[in-house]
Amino acid sequence: MLHHHFDDLVQQRECNSLAMWAFLATEAMMFGGLFFSYSLYRYLYPGAFHVGSHHLNITLGTLNTFVLLFSSLTMALAVHAAAVENKTRLVVCLGLTWLLGASFLGIKAVEWTADFNEGIMPAVNWHYFDPGNAEAQRELAEYTDKHSQAVTPNQVMMYFVIYFSMTGLHALHMVVGLILVGAMMWLGAQGKFLKGNDQPVEIAGLYWHFIDIIWVFLFPLLYLIAGFHPGGL
Amino acid sequence: MTPHAASHHGHDHAAHGEEGGHHVVPIPLYIAVFAALMVLLVLTLVAAYFDLGEWNVVIAVTIAVVKALLIVLFFMHVRWSTALVRVFAGAALFWLTILTIFILQDYLSRTGATLPR
């Protein structure tokens, strides 16, 4: 329905979208700061980023990228279902989106648990790169040779600080997204998005796709630095 | 409800395009975009399999940018958005560029910057 302070539906829809886009712009700035830190430290400590990246699980990272891209498709289909006022399809698509989002967080939790157990979680459980570990010393020495710059445990720690900050902030956004999608499902099941009131779903979709975009950049930048060749560049 | 909103129902919106500033994207297009995203994901992995030195990161970021563009243009409907929405979407990128350029010119002009070793 048209609210009294708008001239027409076109203006109303545009205004509603703009608010979310303005919010997403501030979000991009927040993540942008982290992406900048990433770029700077990778430029300064290339060897440390290679060593650190080798400790991430590329298989799980790829699986999560697939899960999140797929959830973007189901979200887009939910937006379509809302627009054509198909209540059942809307709820099913939102439900799929929610399940995929929850799976993403589950897989991430598995990864973080492995990181914790390995002792590569700065400030929480950090002991893998302690001087006593011969394997870690071998990794550091190898990349020291490759980059003709000493790779130290503290530099590798910086990689993991950035890794956990970026994936942590991203996961926090996923939690908010799950709450949002869950609420949309509940309201959708009650038929709140019928009769031309489908835009809330579209706007929730904008947020969901934005989180997806952040991950699209995080995946190659964090996981694929060293490629698949262990010991290679 | 206004007559305009009433006419909103029972149509194939996609055929009408900009009804009520509201573009309904056809499902096959969404599927096609998703397929393209999958191809790009595989391409990223394939590129990472080869050791191309500095080019690895260039290729990875380029593919990520293309993926992001597909999501923004089609999933987020910017392809059919008004100019004002596009300005808002572009604003973030613009300020990020300012952030990057100004901090980089500081860091890169000070060789041996005092950072923890």
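Labels below follow one simple rule: chain letters A, B, ... track the order of the sequence lines, proteins then strands, and each chain is numbered from 1. What you are looking at is a predicted structure, and each value in this text was computed from that prediction instead of being measured. Basis for what follows: all heavy atoms, side chains included, without hydrogens, waters or symmetry-related copies.
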A.B. asks: Below 4.5 Å, heavy-atom pairs only: which of A:V79, A:D212, A:D8, A:L69 has the largest tally toward chain B?
C.D. replies: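 Highest number of pairs under 4.5 Å: A:L69.
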A.B. asks: Drop me the distance from A:Q11's CD to B:L84's CG, to the nearest 0.5 angstrom.
C.D. replies: 10.5 Å
A.B. asks: Can you tell which part of B:L41 gets under 4.5 Å to a heavy atom of chain A, answering side chain, backbone, both or neither?
C.D. replies: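 B:L41 touches chain A through side-chain heavy atoms alone.
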A.B. asks: How far apart are the C-alpha atoms of B:F34 and A:T74, what are their side-chain angles, what is the distance that settles it, and do they pass the side-chain contact (heavy atoms from CB on, under 4.5 Å) test?
C.D. replies: CA-CA 10 Å; B:F34 176 70; A:T74 57; over 6 Å; no
A.B. asks: What's the verdict on side-chain contact (heavy atoms from CB on, under 4.5 Å) for A:H209 and B:V72, showing C-alpha distance, side-chain angles and the deciding distance?
C.D. replies: CA-CA 8 Å; A:H209 296 310; B:V72 167; over 6 Å; no
A.B. asks: Check whether A:Y223 gets within reach of chain B through its side chain, its backbone, both or neither, counting any heavy atom under 4.5 Å.
C.D. replies: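 Nothing of A:Y223, per the 4.5 Å heavy-atom cut-off to chain B.
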A.B. asks: Taking every heavy-atom pair that is under 4.5 Å apart, which of B:V33, B:L40, B:V85 has the most such pairs with chain A?
C.D. replies: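 Option with the top pair count is B:V85.
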A.B. asks: Heavy-atom pairs under 4.5 Å with chain B are the metric here; pick the option from A:A25, A:A76, A:A22, A:P220 that has the most.
C.D. replies: A:A76
A.B. asks: Which region of A:F66, side chain (C-beta onward) or backbone (N, CA, C, O), has a non-hydrogen atom less than 4.5 Å from a non-hydrogen atom of chain B, or is it both or neither?
C.D. replies: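 Both parts, backbone and side chain.
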A.B. asks: Rounded at 0.5 Å granularity, tell me how far CG in B:N56 sits from CD1 in A:I225.
C.D. replies: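 Atom-to-atom, B:N56:CG and A:I225:CD1 are 11.0 Å apart.
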A.B. asks: Counting only heavy atoms not in B:R79 (residues, nucleotides, ligands), do more than 12 fall under 6.0 Å from its CZ?
C.D. replies: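 Atom CZ in B:R79 is not packed in, count stays at 12 or less.
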A.B. asks: Any side-chain heavy atom of B:V57 sitting closer than 4.5 Å to one from A:R42?
C.D. replies: yes
A.B. asks: Of the options A:T65, A:T62, A:L224, which is the one that meets B:T44 in a side chain to side chain contact (heavy atoms under 4.5 Å, CB included)?
C.D. replies: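 Per the side chain to side chain contact (heavy atoms under 4.5 Å, CB included) rule, the option paired with B:T44 is A:L224, out of A:T65, A:T62, A:L224.
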A.B. asks: Within this structure, what is the CZ-CH2 distance for the pair B:R86 and A:W21, rounded to the nearest 0.5 Å?
C.D. replies: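 With rounding to 0.5 Å, CZ (B:R86) is 10.5 Å from CH2 (A:W21).
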A.B. asks: Once you round to the nearest 0.5 Å, how far does NZ of B:K67 lie from CZ of A:F219?
C.D. replies: 7.0 Å
A.B. asks: Under a 4.5 Å cut-off applied to non-hydrogen side-chain atoms, are A:L206 and B:H77 in contact?
C.D. replies: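 A side-chain contact under 4.5 Å is absent here.
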A.B. asks: To the nearest 0.5 Å, what is the distance between CG on A:L40 and CG on B:D106?
C.D. replies: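 Taking CG in A:L40 and CG in B:D106, the distance rounds to 10.0 Å.
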A.B. asks: Taking CH2 in B:W95 as the centre, count heavy atoms belonging to other residues, nucleotides or ligands within less than 6.0 Å. Is the count above 12?
C.D. replies: no
A.B. asks: Are A:L24 and B:M76 close enough, and set up right, to give a side-chain contact (heavy atoms from CB on, under 4.5 Å), and what steps lead you there?
C.D. replies: CA-CA 12 Å; A:L24 292 184; B:M76 296 172 92; 3.7 Å; yes
A.B. asks: Relative to chain B, which segment of A:L221 carries a heavy atom at a distance below 4.5 Å: side chain, backbone, both, or neither?
C.D. replies: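 Only the side chain of A:L221 comes within 4.5 Å of chain B.
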A.B. asks: Counting only heavy atoms not in A:K192, do more than 12 sit closer than 6.0 Å to its NZ atom?
C.D. replies: no
A.B. asks: In Å, rounded to the nearest 0.5 Å, how long is the span from CD1 of B:I31 to CG of A:L77?
C.D. replies: 5.5 Å
A.B. asks: Should B:L96 and A:F35 count as side-chain neighbours, where that means a heavy-atom distance under 4.5 Å?
C.D. replies: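 Not touching, per the 4.5 Å side-chain cut-off.
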A.B. asks: Which side-chain N or O atoms in residues 87-94 of chain B pair as donor and acceptor under 3.5 Å with protein atoms at least two apart or in another chain?
C.D. replies:
none

A.B. asks: Is it the side chain or the backbone of A:E202 that comes within 4.5 Å of chain B heavy atoms, both, or neither?
C.D. replies: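 For A:E202, the side chain is the part near chain B, not the backbone.
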A.B. asks: Quick check: closest heavy atoms across B:A68 and A:I213, and the distance to 0.1 Å?
C.D. replies: CB-CG2, 3.8 Å
A.B. asks: Kindly assign one of parallel, tilted or perpendicular to the pair B:Y30 and A:H80, based on the angle between their ring planes and the thresholds 30° and 60°.
C.D. replies: perpendicular
A.B. asks: Below 4.5 Å from any heavy atom of chain A, which atoms of B:V66 appear? Answer side chain, backbone, both or neither.
C.D. replies: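 Looking at B:V66, nothing touches chain A.
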